[in-house]
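We name chains A, B, ... by the order of the sequence lines, and we start the count at 1 in each one.
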Amino acid sequence: MSKMKQKIKNMIYNASKDAYDKGTLPSSDFPEIEVEEPKTGSHGDFSTNISMIMASIQKMPPRKIAEAIIKNIKDPDGILDKTEIAGPGFVNFFLNKYSWHPVLRKIHDQDALYGSSNIGEGKKIQIEFVSANPTGPLHVGHGRGAAVGDSVANILLFCGYNVKKEYYVNDSGRQINTLGRSVFLRYKELFGADVQFPEDCYQGDYIRNLSKKVRAEKVRNDNGDKLLLMSEEEAITYCAHFAAKNILSEIKEDLESFGVVFDRWYSEQSLFDSGKVDRVINDFRKQNIIFEDNGALWFRTKDFGDEKNRVVVRSNGLTTYFASDIAYHQDKFDRGFEKIIDVWGADHHGYIPRISAAIEASGHTRDKFNVILIQLVNLLRNGEPVAMSTRSGEFVTLRDVISEVGSDAARFIFLTRHYESALDFDLELAKKKTNDNPVYYVQYVHARISSIVRKAQESGIGDITWNDAAISRLNEPEEVQLIKIMSRYPEIVRCSAENMEPHRITYYLMSLASAFHSYYNKHRVLTDEAELTFGRLYLVIAVKKIIRNGLALLGVSAPEKM
RNA sequence: GCGCCUGUAGCUCAGUUGGAUAGAGCAACGGACUUCUAAUCCGUAGGUCGCAGGUUCGAAUCCUGCCAGGCGUACCA
């Protein structure tokens, strides 16, 4: 909470108490005081609804209570201009314009840490995101998950959590086998074999490229046709490993160019190799949480609120993904994470009750498990849908998008919506350098201020530090407005962390940018008066710092020049 | 059928966790560059918050029931 808000709260509390002591208010049972910032300026800088809440307790009409409170308000620091009663009984507080100035000092002092907090109290928290199967390149949908996951991680870190980012690699199971089969068939084609390429194999061109890479790899030792001499099973396994490794390193590259770096890449196969999957299945069998029916092993997810029980080992002896997921999520808690976040595509939402069940069965409460469901991304070009079908292999990859519109624009656009609503991503729009495209609108503020600072330095103005006389010159309504907006930043960040909603920061930055651009157009920073210039530089540098900090949380750069 | 998400200005979306007269951008119209970056700004216009009830001082927000769209509902991943 902002310092200012806390001050107002204290004033209200003390005033209520004084009113009770004097007998104006009959009850000392005060509800929690809520102070908010009204959206319309005519309702003051802060406002409280306390008298409406108190009405039933005090058995008095709200406006009477408001009167009693206002009469007892004390303002030793002189921050108030006036107070008033409005509407059904709101008490509105109008602050003296000078009372906002200390916010600027705080921004300069805390610098890159302005807006940070310790609400996380160092709690170990893990966020797992992207986790795309290494069977093909990342596409735009994965990009949205990456942008959201990475940004949430940044925000939580900024708020005092001990955050680890993880990518779960599905490097085992059927789809990896299919990958190997797809590559091997294309490989055979390279040697003139006439193959009927099955529909359930991966269709994309990248499979052909991989088969060529397999051949090239082998060519160092022999004619490149070595795989044809192996058993089919051996060859497929070889291709599978080769291809998965290759694709995974491409995925890693793509993510890095998108500014996303993981702390750990966790292999699904390792859960089998270390025996963790077997162990958890055995444990749960003993506890009768897993039972046998019709030759398959079932998890009693229904007992934990799921709509039906789920298979963990099929009657053919193969485990389902759910089996390794149980072990994986148990392992997350075993590693000491107090809270885990999974970022999934919304089409996986049916999976939540299953994993929740597994977590509860492992002895953890389900409130420690959070899922962020990312809704669909519709890729458009000039308003027309771009074909995207993984089946035919015709999809626009994240790599394509980044190279076309840039990482900054892509990340920002992914974060301009709440992740719970579907997003239209228009490639042409993302490249536009107008107000249609808010990325540049925000970055432009940073570049403009950088330019002003450069000019100031050229004219010999040295370090900009707090100076009472200079700061007191900041009286223009647009200046006070800017400071007020800046004072809200820490609360925005906190809110964004609590709800795991990066878009709140995106919107905040747009409104700060808007206020700055207005100010810039109306007033000059570099004036003939040294003192005024100094004060205004102090102001705009504060804006610059917040823009930089906020963009950093979104994973977007803050350019000095544009 | 059941479950999850969505429904706010012509379009794309916010909405401080229940507050006062519901806000931005785009598109439309009219203005502002000899001055720190016009990738900007200022102004006008635009609304039955899907519909109907309910909860209370007060509802876009909470509860119920409908309507519409998307997704999911495998011994698939």
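Residue A/Y441 has a polar side-chain atom (N or O) positioned under 4.0 Å from OP1 or OP2 of B/C41. The side chain of A/Y440 contributes no N or O atom lying less than 4.0 Å from OP1 or OP2 of B/A39. Checking the phosphate oxygens (OP1, OP2) of B/U37, no side-chain nitrogen or oxygen of A/S450 falls inside 4.0 Å. Proximity of A/K39 to the phosphate of B/A20: a side-chain N or O atom is located under 4.0 Å from OP1 or OP2.
Comparing B/A77, B/G19, B/A39 by their nearest atom to the side chain of A/N133 picks out B/A77. With B/A20, B/C36, B/G72 as the choices, the nucleotide that has an atom nearest any side-chain atom of A/R524 turns out to be B/C36. In the set B/A14, B/A20, B/C42, the nucleotide with an atom closest to the side chain of A/S518 is B/C42. Closest to the side chain of A/E307, from the set B/U73, B/G72, B/C36, is B/U73. You'll find that the side chain of A/R174 is closest to B/C76, out of B/A39, B/C76, B/C71.
Within 4.0 Å of A/A55, counting heavy atoms only, lies no atom of the nucleic acid at all. Contacts of A/H523 with the nucleic acid, taken as non-hydrogen atoms under 4.0 Å apart, include base atoms. As judged by a 4.0 angstrom heavy-atom cut-off over every strand, A/K432 is placed among residues making no nucleic acid contact. Residue A/D426 is classed as having no contact, given no heavy-atom separation below 4.0 Å to the nucleic acid. Among the heavy atoms of the strands lying under 4.0 Å from A/E420 are primed sugar atoms or P, OP1, OP2 only; no base atom is included. Among the heavy atoms of the strands lying under 4.0 Å from A/S451 is at least one base atom, whether or not backbone atoms are also near. Across all strands, A/Q443 comes closer than 4.0 Å to no nucleic acid atom at all (heavy-atom distances). As judged by a 4.0 angstrom heavy-atom cut-off over every strand, A/H517 is placed among residues touching the sugar-phosphate backbone only. A/K308 comes within 4.0 angstrom of sugar-phosphate atoms only, judged by non-hydrogen atoms across all strands, and of no base.
B/U55 adopts an anti glycosidic conformation, its chi angle falling more than 90° from 0. For B/C33, the O4'-C1' to base torsion is within 90° of 0; the nucleotide is therefore syn.
Judged by distance alone with a 3.5 Å cut-off, a donor-acceptor contact links the side chain of A/N92 to the base of B/A20. Between the side chain of A/S47 and the base of B/A20, at least one donor-acceptor pair of N or O atoms lies under 3.5 Å. At a cut-off of 3.5 angstrom, counting only N and O atoms as typed in the model, there is a donor on one side and an acceptor on the other between the side-chain of A/S315 and the base of B/C75. A/N49 contributes a side-chain N or O that forms a donor-acceptor pair with the base of B/G19 under 3.5 Å.
Taking atom P in both B/A14 and B/G50, the straight-line distance is 13 Å, to the nearest Å. When the P atom is compared between B/C62 and B/C4, the two are found 14 Å apart, to the nearest whole Å. Rounded to whole Å, the separation between the C1' atoms of B/C11 and B/G46 comes to 12 Å. Using P as the reference atom, B/A9 and B/A60 are 15 Å apart when rounded to the nearest Å. When the C1' atom is used for both B/U17 and B/G58, the distance is 16 Å, rounded to whole Å. A distance of about 16 Å separates the P atoms of B/A45 and B/G10, rounded to the whole Å. Taking atom C1' in both B/U21 and B/C49, the straight-line distance is 15 Å, to the nearest Å.
Whole-Å rounding puts the A/M52 CE to B/G58 P distance at 11 Å. As rounded to whole Å, 8 Å separates atom C1' of B/A77 from atom OH of A/Y351. As rounded to whole Å, 5 Å separates atom P of B/C13 from atom CZ of A/R417. We find that CG of A/D306 is positioned 13 Å from C1' of B/A74, with the value rounded to whole Å. Rounded to a whole Å, the CD1 atom of A/I492 is 11 Å from the P atom of B/U17. Between the P atom of B/G70 and the CG atom of A/L376 lies a distance of 12 Å, rounded to the nearest Å. The nearest whole Å value for the distance from the CG atom in A/D424 to the P atom in B/U12 is 7 Å. In this structure, A/K544 places its NZ atom 13 Å from P of B/U37, rounding to the nearest Å.
The aromatic ring of A/H348 does not sit over the base of B/G72, since the test of centres under 5.5 Å and planes under 30° is not met. An aromatic stacking contact between A/Y507 and the base of B/A24 is absent, as defined here by ring centres under 5.5 Å apart and ring planes under 30° from parallel.
Atom NZ of A/K522 and atom CD of A/E479 lie 10.5 Å apart (nearest 0.5 Å).
Under the 3.5 Å distance criterion, with hydrogens and angles disregarded, no donor-acceptor pair is assigned to the side chains of A/H241 and A/D171. Donor-acceptor pairing under 3.5 Å is lacking for the side chains of A/R504 and A/H418. Remark: the A/E478 side chain and the A/Y520 side chain contain no N/O donor-acceptor pair separated by less than 3.5 Å.
For the pair A/R300 and A/F291, the cation-pi criterion (under 6.0 Å, within 45° of the ring axis) is fulfilled.
Distance alone, capped at 3.5 Å, is enough to place a donor-acceptor pair between the A/Q58 side chain and the A/S27 backbone.
In plain terms, the two heavy atoms of A/K5 and A/V35 that are nearest each other are CE-O, 3.3 Å. A pairwise comparison of heavy atoms in A/G89 and A/R63 identifies CA-CG, 4.0 Å as the closest pair.
Applying side-chain hydrogen bond (donor to acceptor under 3.5 Å, both in side chains) to A/D306 and the options A/R310, A/K308, A/K302 leaves one that passes, A/R310.
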